[in-house]
Enquirer: 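One structure coming up, written as structure tokens, with questions to follow.
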Amino acid sequence: MITIQDTAKDRRRLESSRDLDPLIESIGDARYVLLGEASHGTHEYYVWRTAISKRLIEEKNFSFIAVEGDWPDCYRINRFVKGYEGSGVKAIDVLKSFRRWPTWMWANWEVAALLEWMHARNSGLSKEKKTGFYGLDVYSLWESMEVMVHYLRKEDPTAAQMAIAALRCFQPYEAGDGYARAMLQLSPSCRDEVVRLLKEVRRRSHNYDHDPEAALNTEMNAQVIANAEKYFRSMVSFTDESWNIRDSHMAETVNALMEFYGRKSKAIVWEHNTHIGDARYTEMRNSGLLNVGQLVREQHEKDGVFITGFASYQGSVIAGRMWGGEMQEMRVPPAIKGSAEEILHSRYNENRLIIFNENKHDERLDSYVGHRAIGVVYDPEMERGNYVSTLLPSRYDALLYFDQSKALHPLHLKPEGKKDMPETYPFGV
């Protein structure tokens, strides 16, 4: 049994960016740093991931941040932070392109602050040293198709004809809320069209050099199309295959970005805990589910992988009560008894950084316990359904715990008493 050490040396309060020193030291030379969140609408998760990311970029030369967002929207952000021609003047203008529900995940003031910082820092650097920003997700089939057709019409007429054929094949099934079900009716030839397009783009992408990252952007949009077709078809197949398709796609995208940036590349990944926390140490494993954290660890252990989870005991969050529902600020009640969050609250009653390989965490966490996971859809009255049975010290390498947390600041909600960007950093960074 682990002996609890609560000496002055072990005090890991989280009050300022300097309190992250032990975390940055533990990350060491790892090339993959995965940063989680226990909800998609909590202020503290975003600003502390930002604080960690800024230090990794400045002190360890990390190459890019990849997030749980759509490739086309996030590529517009990438162009902005790198200062490409015609990419926009202000982060908030670029973030307005996020129209897919839930818009608040990336169109918020906390992210705007990060992007302004990246834009300013990159402006003084050579092209090869600029830090990028990309989306990993698979939802943007139609947007990626439109991007492909528009771009290839100008750059590669042969490939453009393949893209147009694929688009025509899918168009009869673009049916709003019934889209996933309509995918079941797709002709097998649609799948063939997508595969042909992907192969052709990969074969010819080295010729796409009119945009600084044209080859990467074109190939990744083609990959989104291919995997989105599989994902949406599986959604109505009454199996768990869709989850695995989605997370496999996100891991593939991380790999493609690392290859694009070269042998010295380093990746920062922002996703929900359910994606970056190794699935082998949760109840997900019993259902045959894998995730990004598991895949990155399995594929890149020799390069160094460091996973940091996030949690809070109580507070508020931005979410919707149903898919596509109105965004609202909701109360997050105290965590249920016996959960990881309740254990941490009873032990520390303060914001904490916990590094598991130090063997100084609460021994109750060395057994499987419930770990809260709030999605974009949330009902505080159904709180007991929001916990994933987890072995925390194996699922993560470290955990940032917040005793009290508050909702993030959606971009289109004007902060009270503020004309410009609100203060998003409650500590000295």
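Bear in mind that the values here come from a model prediction, so they are computed numbers and not experimental data. Values below: all heavy atoms of this structure, side chains included; hydrogens, waters and symmetry mates excluded.
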Enquirer: Which of parallel (below 30°), tilted (30 to 60°) and perpendicular (above 60°) describes Tyr32 and His300?
Expert: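 Geometry flag for His300 against Tyr32: parallel rings.
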Enquirer: Taking CD in Glu59 as the centre, count heavy atoms belonging to other residues, nucleotides or ligands within less than 6.0 Å. Is the count above 12?
Expert: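 Buried by this count: over 12 neighbours within 6.0 Å.
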Enquirer: Does the pair Asp247 and Met250 meet the rule for a side chain to side chain contact (heavy atoms under 4.5 Å, CB included), with working shown?
Expert: CA-CA 5 Å; Asp247 274 54; Met250 292 193 284; 3.5 Å; yes
Enquirer: Do Arg76 and Asp73 have side chains that get closer than 4.5 Å, going by heavy atoms?
Expert: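 Answer yes - side chains close enough.
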Enquirer: Do Asn122 side-chain atoms and Thr131 backbone N/O form a donor-acceptor pair below 3.5 Å?
Expert: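 Answer holds: yes.
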Enquirer: Look at Asp137 together with Arg246 and state whether they make a salt bridge at an N to O cut-off of under 4.0 Å.
Expert: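 A salt bridge links Asp137 with Arg246.
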Enquirer: Apply salt bridge (charged side-chain N to carboxylate O under 4.0 Å, His left out) to the pair Arg321 and Asp379, showing each step before the final yes or no.
Expert: CA-CA 6 Å; Arg321 289 192 175 271; Asp379 183 352; 3.3 Å; yes
Enquirer: Any non-hydrogen side-chain atom of Val111 less than 4.5 Å from a side-chain atom of Leu408?
Expert: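 No, side chains not in contact.
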Enquirer: Could you tell me whether the side chains of Glu44 and Thr42 share a donor-acceptor contact shorter than 3.5 Å?
Expert: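 Looking only at side-chain atoms, Thr42 and Glu44 do not form any donor-acceptor pair under 3.5 Å.
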Enquirer: Is the side chain of Asn108 donor-acceptor paired with the backbone N or O of Leu411 at a distance under 3.5 Å, no angle test?
Expert: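 No; zero donor-acceptor contacts below 3.5 Å.
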Enquirer: Does Gly325 offer a backbone N or O that forms a donor-acceptor pair with the side chain of Trp101 under 3.5 Å?
Expert: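 At least one qualifying donor-acceptor pair exists.
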Enquirer: Other residues, nucleotides and ligands only: do more than 12 of their heavy atoms fall within 6.0 Å of CD on Glu128?
Expert: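 Check passes, neighbour count above 12.
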Enquirer: Starting at CD of Glu252, measure out to CD of Gln223 and round the result to the nearest 0.5 Å.
Expert: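 So the gap between those two atoms works out to 5.0 Å.
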Enquirer: Report the C-alpha separation of Ile354 and Leu344 in whole Å, then their side-chain angles, then the decisive distance to 0.1 Å, and conclude whether the side chain to side chain contact (heavy atoms under 4.5 Å, CB included) test is met.
Expert: CA-CA 10 Å; Ile354 300 163; Leu344 293 168; 3.4 Å; yes
Enquirer: Below 4.5 Å, heavy atoms only, C-beta onward: do Lys82 and Phe133 meet side chain to side chain?
Expert: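 Result no, sub-4.5 Å side-chain heavy-atom pair not found.
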Enquirer: So for atom CG, which belongs to Asn286, do other residues, nucleotides or ligands contribute more than 12 heavy atoms lying within a distance under 6.0 Å?
Expert: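 Yes, the 6.0 Å shell around CG holds more than 12 heavy atoms from other groups.
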Enquirer: Hey, could you give me the CE/CG distance between Met284 and Leu290, rounded to the nearest 0.5 Å?
Expert: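 Going from CE on Met284 over to CG on Leu290, the span is 8.0 Å.
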Enquirer: Are the side chains of Val332 and Tyr378 in contact, using a 4.5 Å heavy-atom criterion?
Expert: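 The answer is yes, as the side chains (C-beta and beyond) meet within the 4.5 Å cut-off.
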Enquirer: With no hydrogens and no angle check, do the side chains of Tyr45 and Ser405 hold a donor and an acceptor under 3.5 Å apart?
Expert: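 Distance-only check fails for Tyr45 and Ser405.
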Enquirer: Is a donor from one side chain sitting under 3.5 angstrom from an acceptor on the other, for Tyr134 and Glu213?
Expert: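 Yes, Glu213 and Tyr134 have a side-chain donor paired with an acceptor closer than 3.5 Å.
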Enquirer: With no hydrogens and no angle check, just 3.5 Å: does a side-chain donor-acceptor pair link Trp243 and Asn291?
Expert: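 The criterion, which ignores hydrogens and geometry beyond distance, is not satisfied for Asn291 and Trp243.
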Enquirer: Keeping Arg395 on the side-chain end and Asn273 on the backbone end, is there a donor-acceptor pair under 3.5 Å?
Expert: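 Present.
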Enquirer: Any idea which heavy atoms bring Leu295 and Ala251 closest together, and the distance?
Expert: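 Shortest heavy-atom separation between Leu295 and Ala251 comes out as CD1-CB, 3.8 Å.
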Enquirer: With rounding to the nearest 0.5 Å, note down the distance linking CG in Leu400 to CZ in Arg49.
Expert: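 These two atoms lie 11.0 Å from each other.
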Enquirer: Hey, is CD on Glu58 packed in by over 12 heavy atoms from elsewhere, all under 6.0 Å?
Expert: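 Count over threshold, so yes.
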Enquirer: State, with a plain yes or no, whether a side-chain heavy atom of Met330 is found less than 4.5 Å away from one of Val317.
Expert: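 SC-SC contact between Met330 and Val317 confirmed.
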Enquirer: What are the two closest heavy atoms between Ile65 and Ser53, and how far apart are they?
Expert: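 Between these two residues, the closest heavy atoms are CD1-CB, 4.0 Å.
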Enquirer: List the steps and the verdict of side chain to side chain contact (heavy atoms under 4.5 Å, CB included) for Leu114 and Tyr46.
Expert: CA-CA 9 Å; Leu114 167 63; Tyr46 282 75; over 6 Å; no
Enquirer: Indicate yes or no for a side-chain donor-acceptor contact from Glu116 to the backbone of Ala91 under 3.5 Å, with no hydrogens or angles considered.
Expert: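 Flag set: sc Glu116 to bb Ala91 pair under 3.5 Å.
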Enquirer: Hey, is the main chain of Phe80 close enough, under 3.5 Å, to the side chain of His119 for a donor-acceptor pair?
Expert: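 Yes.
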Enquirer: Test: salt bridge (charged side-chain N to carboxylate O under 4.0 Å, His left out). Region: residues 327-343. Which pairs qualify, not counting sequence neighbours?
Expert: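 Applying salt bridge (charged side-chain N to carboxylate O under 4.0 Å, His left out) to every pair that reaches into residues 327-343, excluding sequence neighbours, yields nothing.
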Enquirer: Would you give the length of the straight line joining atom OH of Tyr401 to atom CG of Leu14, rounded to the nearest 0.5 angstrom?
Expert: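 Interatomic distance, Tyr401 OH to Leu14 CG, rounded to 0.5 Å: 11.5 Å.
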Enquirer: Please collect all salt bridge (charged side-chain N to carboxylate O under 4.0 Å, His left out) contacts where either partner lies in residues 282-299, sequence neighbours excluded, each pair once.
Expert: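 Passing the test, one end in residues 282-299: Asp278-Arg297, Arg280-Glu298, Arg297-Asp397.
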Enquirer: Test ring-ring contact (aromatic ring centres under 6.0 Å, His included) on His275 and Trp270 and set out the steps.
Expert: CA-CA 9 Å; His275 294 295; Trp270 285 25; over 10 Å; no
Enquirer: What are the two closest heavy atoms between Phe356 and Pro393, and how far apart are they?
Expert: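 Where Phe356 meets Pro393 most closely, the heavy atoms are CG-CA, 3.6 Å.
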Enquirer: Under a 4.5 Å cut-off applied to non-hydrogen side-chain atoms, are Val138 and Ile245 in contact?
Expert: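 Heavy-atom side-chain distance check fails, nothing below 4.5 Å.
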Enquirer: Can a side-chain donor-acceptor contact be found between Arg31 and Ser265 if the only test is distance below 3.5 angstrom?
Expert: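 Their side chains do contain a donor-acceptor pair, which is all the 3.5 Å distance test asks for.
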Enquirer: As an exercise, state the distance from SG of Cys74 to CG of Leu136, rounded to the nearest 0.5 Å.
Expert: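 Atom-to-atom, Cys74:SG and Leu136:CG are 8.0 Å apart.
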Enquirer: Please check: side-chain N/O of Ser97 versus main-chain N/O of Val94, any donor-acceptor pairing under 3.5 Å?
Expert: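 Yes.
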Enquirer: Do Tyr396 and His371 have ring centroids that are under 6.0 Å from one another?
Expert: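 Yes, close enough.
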Enquirer: Counting only N and O atoms by type, is there a donor-acceptor contact under 3.5 Å from the side chain of Arg372 to the main-chain atoms of Tyr313?
Expert: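 Here the side-chain-to-backbone pair exists.
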Enquirer: Using modelled atom types and a 3.5 Å cut-off, is there a donor and acceptor pairing between side-chain atoms of Asp70 and backbone atoms of Gly135?
Expert: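 Between the backbone of Gly135 and the side chain of Asp70 there is no qualifying donor-acceptor contact (under 3.5 Å).
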Enquirer: Could you tell me whether the side chain of Phe260 reaches within less than 4.5 Å of the side chain of Phe64, counting heavy atoms only?
Expert: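 SC-SC contact between Phe64 and Phe260 ruled out.
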Enquirer: Apply side chain to side chain contact (heavy atoms under 4.5 Å, CB included) to Leu216 and Leu257, showing your working.
Expert: CA-CA 8 Å; Leu216 174 70; Leu257 289 167; 3.9 Å; yes
Enquirer: Taking all non-hydrogen atoms of both residues, which atom of Trp106 and which atom of Glu68 are closest, and how far apart?
Expert: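 Result for this residue pair: NE1-O, 3.1 Å.
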Enquirer: Check Ile77 against Phe98 and note the closest heavy-atom contact, atom names and distance.
Expert: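 The pair with the smallest heavy-atom distance is CD1-CE1, 3.4 Å.
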Enquirer: Among Leu56, Leu23, Val305, which residue satisfies the side-chain contact (heavy atoms from CB on, under 4.5 Å) criterion with Val33?
Expert: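 Looking at Leu56, Leu23, Val305, the match for Val33 under the side-chain contact (heavy atoms from CB on, under 4.5 Å) is Leu56.
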Enquirer: Do you know which two heavy atoms are closest between Ala38 and Phe310, and how far apart they sit?
Expert: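 Heavy-atom minimum between the residues: CB-O, 3.5 Å.
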Enquirer: If only atom types and distance count, is the side chain of Thr253 paired as donor or acceptor with the main-chain N or O of His249 below 3.5 Å?
Expert: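 Confirmed, Thr253 side chain pairs with His249 backbone.
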Enquirer: Quiz question: by atom type and distance under 3.5 Å, do the side chains of Glu110 and His43 form a donor-acceptor pair?
Expert: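 Judged by distance alone, the side chains do pair up.
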Enquirer: Under a 4.5 Å cut-off applied to non-hydrogen side-chain atoms, are Arg55 and Ser17 in contact?
Expert: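 Heavy-atom side-chain distance check passes, below 4.5 Å.
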Enquirer: Roughly how far, to the nearest 0.5 Å, is NZ of Lys264 from CE of Met258?
Expert: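 Met258 CE to Lys264 NZ: 13.5 Å, rounded to 0.5 Å.
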